Amino acid sequence: MKTVLVTGGLGFIGSNFIRLLLNDFSDYHIINLDAVTYAGNPENLKEFTADSRYLFAHGDIGDRELVDKLLQTEKPDFIVNFAAESHVDRSITGPAAFIETNIVGTFTMLEAFRNYCGENDSKCRFLQVSTDEVYGSLGAEGYFLETTPYSPNSPYAASKASADHLVRAYHHTYKLDTLITNCSNNYGPLQFPEKLIPLMISNALEGLALPVYGDGKNVRDWLYVEDHCRALELVMNQAQSGVTYNIGGRNELENIELVKLLCNSLDRRLGLLPDGRARTELIKFVGDRKGHDQRYAIDADKIRKDLGWEPQTNLAQGMEMTIDWYLDNQEWLNQVRDGSYQKYYQEMYG
Ligand code: NAD
Ligand code: DAU
């Protein structure tokens with residue numbers, strides 16, 4: 001069995017990653033360290049509660065004592081660090097939590113990892129799950145490569161860039177076995193409805209306004225979450241020490257096109273709104289995000305060539321699967337849109 005300490009495994013990508021390792025492989029034992037913030041939901045992995053291959057540890061990646069204890073008792077072969085504050089809009093209104101978790105928290109994990117490797121002569125690897133936002137914003141042309149200079153524009157992106165620099169430095173200075181992946185926008189089941197796709201689906205189901213920032217022409221490069229998770233499983237097992245990989249599916253779309261696609265799919269499945277309007281009529285252009293990055297686009301040739309990774313889900317299939325999931329899990333949506341979500345929503349969208 002390979003033991004993996006996953007941090008942030010109750011969130012969107014972390015819970016999909018744990019489900020993939022436990023359902024599609026037979027040789028993983030998982031410890032999930034999660035602080036259960038507003039974005040962490042025990043429901044996301046409830047089917048594994050009684051599974052002997054899965055252990056949940058409630059706690060903060062910034063709690064050095066706890067992390068040390070987990071490393072000493074569980075002796076993981078891999079640490080996969082997903083835990084983060086992940087929403088750009090929240091980083092604009094309240095950056096402090098992003099500095100605390102994404103930078104100081106990652107630093108704490110690295111210090112505990114350094115100590116663990118030193119004391120145990122361990123073969124443990126540390127995979128930092130990062131984002132393409134560290135590279136900043138593209139114009140109409142070009143792609144992010146692993147060699148693109150970092151140029152983060154939001155407090156979120158800057159905090160992830162800082163963490164990446166620390167991870168890189170720990171490899172260089174202490175010769176620790178670290179890896180970094182920088183992935184584009186994920187979508188799929190279990191994404192919290194503060195992010196574009198689940199927010200639009202959930203509002204469109206309720207006949208609420210669909211708030212599109214600015215002119216809606218910002219471009220994101222979408223990847224189905226399971227494809228990201230498969231890439232991470234490959235990287236953690238097969239990548240050379242110290243390597244960085246970009247991960248993306250070459251699925252670029254303007255936000256407005258994406259929102260229209262979601263609306264049209266919902267109209268096809270559910271019929272028009274009760275008042276006879278198409279859901280595209282719910283689209284409302286609102287003020288732009290501060291410092292809004294124009295375009296992200298990943299060149300993922302390195303991971304394709306080195307590790308043979310290919311996304312398995314195209315955008316049309318992935319969107320339909322995602323809409324299916326939200327339609328089948330409206331109880332989940334209602335549960336996460338609780339009091340604190342309502343407060344956030346009012347403050348953001350008034
Ligand atoms: P998410 O917000 O859905 O989940 C974050 C998880 O981390 C939650 O379960 C939360 O409870 C936990 N957490 C937060 N602070 C913690 C702390 N101090 N200690 C322990 N746990 C803590 O995030 P996500 O979208 O699943 O993203 C996961 C990772 O992937 C993040 O590092 C993010 O930067 C990165 N990433 C996300 C995307 C994307 O499109 N969502 C793309 C590329 C990279
Ligand atoms: O690129 C990877 C990043 O993708 C991850 O690192 C982040 O954790 C993840 O949140 C995501 O960041 P984005 O800012 O790109 O995702 P978000 O879903 O917040 O927004 C996608 C686009 O949609 C962006 O251009 C802003 C726009 N948008 C978003 C919201 C929430 C709207 O137009 N209206 C909205 O209400």
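Numbering of ligands and ligand atoms starts at 1, following listing order. If you're wondering where the values come from, they're calculated on a predicted model, not measured in any experiment.
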- prompt: Given V6, T37, N185, L190, which one has a non-hydrogen atom that is nearest to atom 14 (C) of ligand 1?
  reply: T37
query: If we only count N/O pairs under 3.5 Å, is G11 in contact with ligand 1?
result: yes
query: Which heavy atom in L70 sits nearest to a heavy atom in P76, and how many Å separate them?
result: O-CD, 4.5 Å
query: For Y187, is the nearest heavy atom under 4.0 Å from an atom of ligand 1?
result: no
message: Below a 4.0 angstrom heavy-atom separation, can you tell me which part of N255, side chain or backbone, both or neither, approaches ligand 2?
response: side chain
- prompt: Under a heavy-atom criterion of less than 4.0 Å, does G9 contact ligand 1?
  reply: no
query: For atom 18 (N) of ligand 1, which of D60, V36, N44 has the closest heavy atom?
result: D60
message: So, using salt bridge (charged side-chain N to carboxylate O under 4.0 Å, His left out) as the criterion, who are the partners of D89 when residues are at least two apart?
response: R289
task: Have a look at T181, I13, L10 and point out the one with the heavy atom closest to atom 24 (P) of ligand 1.
output: I13
query: If you measure from each non-hydrogen atom of N186 to ligand 2, which part falls under 4.0 Å: side chain, backbone, both or neither?
result: neither
For atom 9 (C) of ligand 2, the option (of G216, S86, S154) bearing the nearest heavy atom: S86
query: How far apart are the closest heavy atoms of T322 and G188, and which atoms are they?
result: OG1-CA, 3.5 Å
field: Heavy-atom nearest option to atom 43 (C) of ligand 1, drawn from A57, C183, G188, A157
entry: C183
query: Taking heavy atoms and a distance under 4.0 Å, where does Y156 meet ligand 1: side chain, backbone, both or neither?
result: side chain
query: Is any side-chain N of the basic residue among K217 and E254 closer than 4.0 Å to the acidic one's carboxylate O?
result: yes
message: So if I count the atoms of ligand 1 from 1 in the order they appear, which ones are less than 4.0 Å from some heavy atom of K160?
response: 31 (C), 32 (O), 33 (C), 34 (O)
- prompt: Touching ligand 1 at all, A97? Heavy atoms, strictly under 4.0 Å?
  reply: no
- request: Looking only at non-hydrogen atoms, find the nearest pair between Y296 and D221 and report the distance.
  value: O-CB, 3.5 Å
statement: Looking only at non-hydrogen atoms, the one of Q191, E194, R289, R295 nearest atom 19 (O) of ligand 2 is R289
query: Is there a nitrogen or oxygen of E85 sitting under 3.5 Å from a nitrogen or oxygen of ligand 1?
result: no
- request: Name the option, out of K160, K195, E133, that contains the heavy atom nearest to atom 13 (P) of ligand 2.
  value: E133
query: Given D34, V129, N81, which has its nearest heavy atom closest to atom 8 (C) of ligand 1?
result: D34
task: Return yes when F192 approaches ligand 1 closer than 4.0 angstrom through a heavy atom, no otherwise.
output: no
field: Centroid-centroid under 6.0 Å between Y341 and F192 rings
entry: yes
- request: Examine ligand 1 and decide if any of its atoms is less than 4.0 Å from a heavy atom belonging to T7.
  value: no
task: Inspect the contact between E194 and R90 and indicate whether a charged nitrogen and a carboxylate oxygen are less than 4.0 angstrom apart.
output: yes
message: Does only the side chain of V88 get under 4.0 Å from ligand 2, or the backbone, or both, or neither? Count heavy atoms.
response: side chain
query: Numbering the atoms of ligand 1 from 1, which are under 4.0 Å from a heavy atom of G8?
result: 6 (C), 7 (O), 9 (O), 12 (C)
field: A35, any N or O under 3.5 Å of ligand 1 N or O
entry: yes
task: Give yes if a backbone or side-chain nitrogen or oxygen of E194 is under 3.5 Å from a nitrogen or oxygen of ligand 1, and no if not.
output: no
- request: May I ask you to check if ligand 1 and N41 share an N or O to N or O distance below 3.5 Å?
  value: no
Pick from D132, N186, T131: the one approaching atom 40 (O) of ligand 1 most closely through a non-hydrogen atom: N186
query: Does some non-hydrogen atom of S15 fall short of 4.0 Å from ligand 1?
result: no
field: salt_bridge(R64, D68) N-O dist < 4.0 Å
entry: yes
- request: Check each atom of ligand 1 against the heavy atoms of S184 and keep those under 4.0 Å away; list them by number with element.
  value: 42 (C), 43 (C)
- request: Would you check whether L33 has a nitrogen or oxygen atom less than 3.5 angstrom from a nitrogen or oxygen atom of ligand 1?
  value: no
message: Does atom NZ (K69) have a neighbourhood of more than 12 heavy atoms from anything else shown, all under 6.0 Å?
response: no
query: Would you say F82 has any N or O atom under 3.5 Å from an N or O of ligand 1, going by distance alone?
result: yes
message: If the cut-off is 4.0 Å to any non-hydrogen atom of G59, which atoms of ligand 1 fall inside it?
response: 19 (N), 20 (C)
